[in-house]
Every structure is written in structure tokens, then in C-alpha cells.
Amino acid sequence: MKPTDAELTQKGLAPTAKSAKVLILACGALANEILELIRLNGWDHMSLTCLPAILHNHPERIPDAARAAIEKNQGDFGRIFLAYADCGTGGHLTALCEEMGIEMIQGPHCYSFFEGNAAFAARAEDEIDVFYLTDFLARGFESFVIKPLGLDQHPELRDMYFGHYTRLIYLAQTDNPDLDRMAEAAADRIGLKYERKFTGFGDLATALQPLG
């Protein structure tokens, strides 16, 4: 059964297949995209497990959570791949992977590898005023952004969190009119100009392909 966004945000995801050869350890925010790539490519030898997506609100906790998940699962799988970018950990995830001998996705965060790290880096200086959404964040904007920041109870805090942004760019993994409307509503909610860019799976697909 497909996990809900609420489950992926708060609980993560247990390994989807214990008999697989490769375990992908990912952020819950990437679960739907990775499961779709596994389905589309027939990667039956891959299993997916996810840490709670809400850890992104406390990135300093991600390395220890990743270490615990690796240690818990490494005896059951021949190979573990970390489907995280740096994600605000200040290089600690890279250091963890080097220590434990596993690979990870390159890039600063999922916005970068969804668009493609090279393309994102080329425009980074021109987009310091941009707040990004993905499909997952468009669906869960209220529970992942608004409520954790307290904006549902204190909308006057908007300028403190978003005052330095002028645009919201929705990096769309799918063509879904409902998600387009959700993303545009999110931009309106925090008073930012809305833009949409279709990315597909970007470098996420490229990173997982060698595991196939």
C-alpha cells in the first residue's frame, strides 16, 4: 500500500522488500519519486526505506538518523545507497558515507538534483531570492511549512521567514494540474510571485541508474 504524505513526513518508511539486494535509504520527501522509478525500470532487486521528511526542519539530526538506519539494515542488504544530498548538514552526510563506505547523491539539496546539479548551480546566484517547492512540498505545504513555522497561528511572522524572498518556483516532477494549483496557492499564501518549472526526476534518476 502506498504510504501517505503524513506517514512519510512524521514516520518515514520501513524497507519495502527485505529480500532485495540493494537498499535505498532516502528522505521521506523522495519516496514517491523513487518508488515510481523502481516501478518504471523494473528494479525489483531494490528496496526503499525512508527517514521522516520532517527531519529537514532540523538538518543537524539527519546524520545520526542516517547512521542508525544504516547500522540497523546493513546486515540485511548487500549494498546501501543514501538518497540524500547534503541537505543542510554541512558536509556531515558526506563524511558519514566516506566513513561507512556507501555512496550518496551529489548536490546541495533535492531542489538542485531534481533540476540537475549543473543547471541549478549555473543559476544559483540569480535565484537567492527564490523559495522552492517540489511535488511533495506542494502537497504538504500546510503541514510541512506553514504549521511548523507557526504561520497558521501567527501570520505576522511571514516577513521574518519570507521577507527576503520575492519568488516561489515550483520544480514539478509531474504534470499535475492539481499540484500546479496547490503550488500557486502556496505562493499566494506567503505573498510571492509564482513560477513553475518542469524537472521530471532530474539527477535522481541518473544517480539511481547505476544501481540497476
Side-chain angles (χ1 to χ4, degrees), residues 2-5 7-9 12-17 19-53 55-56 62 66 69-70 73 77-89 93-94 96-97 101-124 127 130 132-140 144 169-180 182-183 195-212:
K2 184 177 179 180
T4 67
D5 285 344
E7 291 169 337
L8 294 170
T9 296
L13 179 69
T16 55
S19 59
K21 296 179 180 179
V22 178
L23 178 67
I24 301 170
L25 172 57
C27 171
L30 302 179
N32 288 317
E33 287 74 24
I34 294 174
L35 289 172
E36 182 65 4
L37 283 167
I38 290 173
R39 185 190 69 81
L40 289 172
N41 291 282
W43 291 336
D44 296 333
H45 64 292
M46 293 187 190
S47 178
L48 172 66
T49 189
C50 295
L51 299 179
L55 284 175
H56 273 290
I62 296 174
I70 292 168
N73 291 286
F77 298 91
R79 184 178 184 183
I80 295 178
F81 181 86
L82 187 64
Y84 270 87
D86 182 72
C87 299
T89 67
L93 278 181
T94 299
L96 174 66
C97 287
I102 65 174
E103 298 173 87
M104 65 180 288
I105 297 179
Q106 299 301 306
H109 40 61
C110 64
Y111 312 122
S112 178
F113 65 66
F114 271 137
E115 182 169 356
N117 285 319
F120 190 92
R123 296 187 297 98
E127 294 191 351
V130 171
Y132 296 98
L133 291 185
T134 60
D135 283 11
F136 181 85
L137 290 175
R139 289 193 303 270
F144 204 88
I169 296 182
Y170 167 37
L171 302 175
Q173 285 71 70
T174 56
D175 281 317
N176 184 322
D178 289 337
L179 289 181
D180 293 348
M182 291 177 187
E195 298 178 24
R196 180 190 185 275
K197 179 177 295 185
F198 178 78
T199 66
F201 299 131
D203 285 351
L204 176 62
T206 306
L208 297 183
Q209 187 68 44
L211 304 176

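Position 1 is the first residue of the sequence, and the numbers go up from there. All heavy atoms count here, side chains included; hydrogens, waters and symmetry mates do not.
- Nearest approach of Thr134 to Cys110, heavy atoms of both residues: CG2-SG, 4.3 Å.
- Across every non-hydrogen atom of Gln209 and Asn41, the tightest pair is OE1-OD1, 4.3 Å.
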Test log, rule side chain to side chain contact (heavy atoms under 4.5 Å, CB included), inputs Phe114 and Lys197: CA-CA 11 Å; Phe114 271 137; Lys197 179 177 295 185; over 6 Å; no
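- Counting heavy atoms from C-beta on, the side chains of Ile38 and Thr16 never come closer than 4.5 Å.
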Phe198 vs Asp175, side chain to side chain contact (heavy atoms under 4.5 Å, CB included): CA-CA, chis, key distance, verdict: CA-CA 8 Å; Phe198 178 78; Asp175 281 317; 3.7 Å; yes
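- Across all their heavy atoms, Pro210 and Ala207 have their closest contact at CD-O, 3.3 Å.
- Taking OH of Tyr84 as the reference point, atom CG of Leu25 lies at 6.5 Å (rounded to 0.5 Å).
- Counting heavy atoms from C-beta on, the side chains of Leu179 and Tyr170 come closer than 4.5 Å.
- We find the CG-CG distance between Leu37 and Leu48 to be 10.5 Å, quoted to the nearest 0.5 Å.
- Rounded to the nearest 0.5 Å, atoms CE (Met46) and CZ (Arg79) are 8.5 Å apart.
- Asp44 CG: 12 or fewer foreign heavy atoms inside a 6.0 Å radius.
- Taking the side chain as every heavy atom from C-beta outward, Val130 and Tyr111 never approach each other to under 4.5 Å.
- Environment of NZ in Lys21: sparse, with no more than 12 heavy atoms of neighbouring residues, nucleotides or ligands closer than 6.0 Å.
- Proximity of a side-chain donor or acceptor of His56 to a complementary backbone N or O of Gly88 within less than 3.5 Å is not detected.
- Here the closest heavy-atom approach between residue Cys50 and residue Cys27 is recorded as SG-O, 3.9 Å.
- Rounding to the nearest 0.5 angstrom, the gap separating the CD1 atom in Ile105 from the CD1 atom in Ile24 is 8.5 Å.
- In this structure, OG1 on Thr89 lies 6.5 Å from CD1 on Ile62, to the nearest 0.5 angstrom.
- Looking at every heavy atom in both residues, Phe77 comes nearest to Ala20 through CD2-O, 3.2 Å.
- Here the CG-CE distance, from Leu133 to Met182, works out to 12.0 Å after rounding to the nearest 0.5 Å.
- In terms of modelled atom types and a separation under 3.5 Å, the side chain of Asp5 and the main chain of Gly140 share no donor-acceptor contact.
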Criterion side chain to side chain contact (heavy atoms under 4.5 Å, CB included) on Glu7 and Leu13, from CA distance to verdict: CA-CA 8 Å; Glu7 291 169 337; Leu13 179 69; over 6 Å; no
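- Looking only at distances, a side-chain donor or acceptor of Gln173 sits under 3.5 Å from a matching main-chain atom of Leu171.
- Contact check for Lys2 versus Asn32: side-chain heavy atoms found under the 4.5 Å cut-off.
- Side-chain contact between Asn176 and Asp135 is absent, with no heavy-atom pair separated by less than 4.5 Å.
- Gln106 CD: 12 or fewer foreign heavy atoms inside a 6.0 Å radius.
- Across all their heavy atoms, Ile34 and Ala83 have their closest contact at CD1-CB, 3.9 Å.
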Intermediate values then yes/no, side chain to side chain contact (heavy atoms under 4.5 Å, CB included), Asp86 and Met104: CA-CA 9 Å; Asp86 182 72; Met104 65 180 288; 5.5 Å; no
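- Taking the six-membered ring where tryptophan is involved, the planes of Phe144 and Phe136 are perpendicular, since the angle between them exceeds 60° and thus also 30°.
- The residue from Leu208, Leu40, Leu30 that alone fulfils the side chain to side chain contact (heavy atoms under 4.5 Å, CB included) condition with Phe201 is Leu40.
- Side-chain atoms of Ser47 come within 3.5 Å of backbone atoms of Ala17 as a donor-acceptor pair (strictly under, hydrogens ignored).
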